[in-house]
2 protein chains.
Amino acid sequence: MTEKQQIIIRTALKLFYRQGIHAVGINEIIQQSGVAKKTLYSYFSGKEALILAALNYRDEIFMGWLSQTMASTNPGQPALLAMFHGLDDWFNNRATALGNFRGCFFINASGEYTDPQTPVHQACKAHKANVHALVLQHTKLVCENQAAALQLADTLCLLKEGAITTAMVQEDPGAAHRLIPLVKTLIQPALCTSAPHIADT
Amino acid sequence: MTEKQQIIIRTALKLFYRQGIHAVGINEIIQQSGVAKKTLYSYFSGKEALILAALNYRDEIFMGWLSQTMASTNPGQPALLAMFHGLDDWFNNRATALGNFRGCFFINASGEYTDPQTPVHQACKAHKANVHALVLQHTKLVCENQAAALQLADTLCLLKEGAITTAMVQEDPGAAHRLIPLVKTLIQPALCTSAPHIADT
DNA sequence: TGCATGGTAGACAAGTCTGTCTACCTCTGT
DNA sequence: ACAGAGGTAGACAGACTTGTCTACCATGCA
């Protein structure tokens, strides 16, 4: 991975995230990168390869930020809560690693590539699986059995997606903060038994 | 609203929803509509006007479907629960009025027009406000005060967004169904007091 | 000194995009 | 019978798209 390659990927991600993937052309990317077109095409076979590289880079950034955010406190319950405080930081542009909030790059990309068969959609799905796996590590510490841990991870991830989407579409940066009382309730160890959610009727 | 106009809007919506907005050209729309290009431009000043018309049409369809779904049972608690059963139908392609599930058209569109100032993004935001207003009508019947009703509507709408996003990106059509126990708990009248969520600590 | 490497700048091909325009056709109402 | 409305088909302009290719330049190494 050369320095030029890094610059191109970083620039592409910035533009794709800000303007949408289809709305950004190769010419704009090379211009903003200060790189010749031939250089770009020597590193990437085409636009799709660059998109996939940008998705991969964003995955690294996001997973790094999230795992660091969750590692800043104790594993389990506090880490899960820290995730939602982290989302609140992100929505209010206090998470510098993630840049200015414009929704989730992977959700946005999926919306442009709705066919699940496309490599882009698959990459987005893979990123969400990475996040889920990280969350699951912590729910396992809170729940008394595997099934309950999985279910809690599902719910928390779904809340996360809902908060991101609400914050973006509705221009509502308080979406994550308002969830914190509910999250606190959900992750109370006593409630994470085999019963699905608090009470299952 | 002439018949031709209707055909153009319906075709545009179908293509935009399936392939993304930027990925669909005017030529494809007129070809699929069986309409001359001049006819399209006699009704719509440009592509953006057509996009806004498609968003407006989708809003009508979705709000019609949702209000009908919620009206098929008793107002309040049962209607709110019916919304999530409706989402489950949608994700599993049993809601014919909404077409084959490809996520939420408005979330997808917002991802392509991330700048909140754009008319497209504003239209998406307005749609979400419409849904929220409908949900609020029912949470008011369940909660004992205005603030609690608003808070419950916020939470349920956020769960809805999370379910749609999860179902789409993760190819997980069970996202809404798994939420039902949690929703049942949240909408229990006794819990919808001034306390934010179940227990607020 | 000479040459390979990796870069720049940008012309170019071939196709697509939006939007305008001409020429024609086919109803409907008077 | 005839005018006007509303439509079709499609050429066209001008800009933009991705991707290839030529010509050139600078640096490091033998």
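Numbered from 1 within each chain, the chains take letters A, B, ... in sequence-line order.
- Partners of Thr11(A) according to the side-chain contact (heavy atoms from CB on, under 4.5 Å) rule, which considers only residues two or more places apart in sequence or in another chain, are Ile7(A), Leu15(A), Gln32(A), Ser33(A).
- Applying the side-chain hydrogen bond (donor to acceptor under 3.5 Å, both in side chains) definition to pairs two or more places apart or across chains, those involving residues 132-142 of chain A are His132(A)-Asp154(A).
- Between Ile51(B) atom CD1 and dC17(C) atom P the separation is 14 Å, expressed in whole Å.
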Which donor-acceptor pairs under 3.5 Å do the side chains of residues 37-45 of chain A make with protein atoms, sequence neighbours left out?
from: Lys37(A); atom 1: NZ; to: Asn27(A); atom 2: OD1; distance (Å): 2.9
from: Ser42(A); atom 1: OG; to: Thr39(A); atom 2: O; distance (Å): 2.6
from: Tyr43(A); atom 1: OH; to: Thr2(A); atom 2: OG1; distance (Å): 3.0

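- In this structure, CD1 of Ile8(B) is placed 11 Å from C1' of dG7(D), rounded to the nearest angstrom.
- Rounded to a whole Å, the CD1 atom of Ile30(A) is 13 Å from the C1' atom of dT20(D).
- Scanning residues 12-28 of chain A for heavy-atom distances under 4.0 Å to DNA chain C yields an empty list.
- Shown here are the ring-ring contact (aromatic ring centres under 6.0 Å, His included) partners of Phe16(A), two or more places apart in sequence or in another chain: there are none.
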How does each nucleotide of nucleotides 4-9 of chain C score, in 5' to 3' order, for protein heavy atoms under 4.0 Å: base (B), sugar-phosphate only (S), or none (-)? ---SBB
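- Lys47(B) places its NZ atom 18 Å from the C1' atom of dT20(C), with the value rounded to the nearest Å.
- For Leu40(B) and dT8(D), the CG to C1' distance is 14 Å, given to the nearest whole Å.
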Can I get a per-line list of side-chain donor-acceptor pairs under 3.5 Å for residues 49-61 of chain B, giving both atom names and the distance, sequence neighbours left out?
from: Tyr57(B); atom 1: OH; to: Arg10(B); atom 2: NH1; distance (Å): 3.1
from: Arg58(B); atom 1: NH1; to: Leu98(B); atom 2: O; distance (Å): 3.1
from: Arg58(B); atom 1: NH2; to: Leu98(B); atom 2: O; distance (Å): 3.3
from: Asp59(B); atom 1: OD1; to: His127(B); atom 2: ND1; distance (Å): 2.6
from: Asp59(B); atom 1: OD1; to: Asn130(B); atom 2: ND2; distance (Å): 3.3
from: Asp59(B); atom 1: OD2; to: Asn130(B); atom 2: ND2; distance (Å): 3.2

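- Taking the six-membered ring for Trp and the full ring otherwise, Trp90(B) and Phe84(B) have centroids separated by 6.0 Å or more.
- In this entry the distance linking CD of Glu48(B) with C1' of dG19(C) reads 15 Å, nearest Å.
- The side-chain contact (heavy atoms from CB on, under 4.5 Å) check on Asn74(B) picks up Pro78(B), with sequence neighbours excluded.
- Remark: Gln68(B) pairs with no residue by the side-chain contact (heavy atoms from CB on, under 4.5 Å) rule, at least two apart or across chains.
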